[in-house]
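The structure appears right after this line, and notes come after that.
In the text below, chain A, chain B and the rest are named by the order of the sequence lines, each starting its count at 1. None of these values were measured; they are calculated from a predicted model.
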2 protein chains.
Amino acid sequence: MIRLLLADDEELLRGALCSLLDLEDDLRVVAQAATTTDAVRLAGQHRPDVAVLDLEMPPTDGLHAAAQILARTDGTPPRVIIVTRHARPAVLRRALAAGVSGFVPKSTPAARLAQIVRDVAVGHRYVDPEIAASALTENECPLSDRELEVLGAARAGAPVSDIAATVHLAPGTVRNYLSSAMAKLGVATRHAAAHRAWEEGWI
Amino acid sequence: MIRLLLADDEELLRGALCSLLDLEDDLRVVAQAATTTDAVRLAGQHRPDVAVLDLEMPPTDGLHAAAQILARTDGTPPRVIIVTRHARPAVLRRALAAGVSGFVPKSTPAARLAQIVRDVAVGHRYVDPEIAASALTENECPLSDRELEVLGAARAGAPVSDIAATVHLAPGTVRNYLSSAMAKLGVATRHAAAHRAWEEGWI
DNA sequence: GAGCGCTGATGACATCTGTCATGCGAGCTG
DNA sequence: CAGCTCGCATGACAGATGTCATCAGCGCTC
């Protein structure tokens, strides 16, 4: 019997997956969470074999939760499967770096999920083949850490002075980073750069 | 027996909902679609009693599909239920204006969906109570049509000249609309305004 | 027809952005 | 140590953006 933790902020999906997976004789959902904090807490309490975490979850995100769950020192931590609608190569890379065992886009057929859970439970890894292929062929993110940080702060449309304040840099420096990021991405405004970086999953 | 059309671009959710609803004795999913075009086509072919449409679907969106499905002239069109993660009062208003019978955020418990489908099938309407309350109390979108149009074109971070080209207006005019929109929203840049308008579901 | 509100446009002006050259200090590398 | 790169910062400059006053046309109402 494989014991599952299910975490997703959308009740509709979580509930549907729960009943879907519970239909399988060898799977049992032992805990559900709608937030990352609950997910981490319940993972500690219930010690599931596999934790299925949505990537987009308040208050942080699935990767933070995964890192915390995997960092537990007493006993073996559960295997973690990340489920996401935002399935981009950059996200996959970050997920694997965090030590997750499965990476499942929401475009995966529901019927296959149970088998993925079983595979992961016995120690295998599962990565969506299409995303994996993209991750190998697509070019890496060309932006430096600082550029990403600054773009992240620019995402909501804030003026340079605000960005500089949140990133703790001089306004001129911020403009330099934005400028180089824009040059690398081939766009004309920092907002276009931020938009693009977001779509690519870089920030 | 209530015959259902299920449309959602996320296989995972669509598949899970399908098996969930098929468990009910009086419901049967007769067609599934991942795009709005398929949804419209299959609604014509299979004549379901109820169509459950995701709002966020390529290539257009669930409201367009709903409008097309409801516009059919031969026979009675199906009742339409819109499911969305982006549950804001403005979206609800647009959905009701399009003639849909149900408005269900993805935060709704999965177990309740079957009952909502039954209610809608017999002619009732269902609107998520929380969103409905917000729609009644929250202030309406303060922006004019032109302002919304211009903000929509500004969303990807394009410079004013590009926006002017896509909207077929003079650059100076575009700046006026952007300026008034920014004033109404109390923000300092058009990108912040566009971001805000997007989050509120206005564009 | 005068008045009013709305849309679309123009021009002037202050400010913000994007670009670029440059400087300074920390770390590393010969 | 000298030379080098790299992260961070500054200053100057052109062009883009935000603000504002103003105007013309159009439809509407009194």
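- Phosphate proximity of dA9(D) to Thr173(A): present, with a side-chain N or O under 4.0 Å from OP1 or OP2.
- Each of Ala158(A) and Gly172(A) was matched to the nucleotide of DNA chain C holding its nearest heavy atom; the match closer to the 5' end belongs to Ala158(A).
- A salt bridge links Glu24(A) with Arg118(A): the closest approach of a Lys/Arg side-chain nitrogen to an acidic carboxylate oxygen falls below 4.0 angstrom.
- With distances taken from any side-chain atom of Thr189(B) to the nucleotides dG18(C), dG18(D), dT10(D), the minimum falls on dG18(D).
- Spacing between atom CG of Asp145(A) and atom P of dC6(D) amounts to 14 Å, rounded to whole angstrom units.
- Heavy atoms only, all atoms of each residue included: Val150(B) and Val167(B) are closest at CG2-CG1, 4.4 Å.
- Atom P of nucleotide dT19(D) and atom CG of Leu185(B) are separated by 12 Å, given to the nearest angstrom.
- The listed nucleotides are dT10(D), dG7(D), dT7(C); the one nearest the side chain of Ala170(A) is dT10(D).
- For dT10(D), its base sits under 3.5 Å from the side chain of Asn176(A) at one donor and acceptor pair at least.
- Contact check, Arg146(B) against dG8(C): a side-chain N or O comes under 4.0 Å of OP1 or OP2.
- In this structure, the separation between CD on Glu10(B) and NZ on Lys106(A) is 5.0 Å, given to the nearest 0.5 Å.
- Taking side-chain N and O atoms only, Arg175(B) has no distance below 4.0 Å to OP1 or OP2 of dT19(D).
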Just do the side-chain contact (heavy atoms from CB on, under 4.5 Å) check on Leu17(A) and Leu12(B) with the steps written out, would you?
CA-CA 8 Å; Leu17(A) 284 184; Leu12(B) 201 58; 4.2 Å; yes
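- Summarising the geometry, the separation between CG on Leu151(B) and P on dG18(D) is reported as 11 Å, rounded to the nearest angstrom.
- The CD-C1' distance, from Glu147(A) to dC6(D), rounds to 13 Å in whole Å.
- In this structure, Asp162(B) places its CG atom 11 Å from P of dA16(D), rounding to the nearest Å.
- For Ile163(A) and dT17(C), the CD1 to P distance is 8 Å, given to the nearest whole Å.
- Along DNA chain C, the nucleotide nearest to Pro171(B) and the one nearest to His191(A) differ in position, and the one closer to the 5' end is contacted by Pro171(B).
- The interatomic distance linking Leu169(B) (CG) with dC6(C) (P) rounds to 18 Å, in whole Å.
- Look at CZ on Arg190(A): it is 11 Å from P on dC16(C), rounded to the nearest Å.
- When distances run from any side-chain atom of Tyr177(A) to the nucleotides dG7(D), dA21(C), dG18(D), the shortest one goes to dG7(D).
- Between Glu11(A) and Arg14(A), at least one side-chain N (NZ, or NE/NH1/NH2) sits under 4.0 Å from a carboxylate O, which counts as a salt bridge.
- Within the nucleic acid shown, Ser161(A) has no heavy atom closer than 4.0 Å to any nucleic acid atom.
- For Pro159(A), counting side-chain heavy atoms from C-beta on, the closest listed nucleotide (dT17(C), dT19(D), dT19(C)) is dT17(C).
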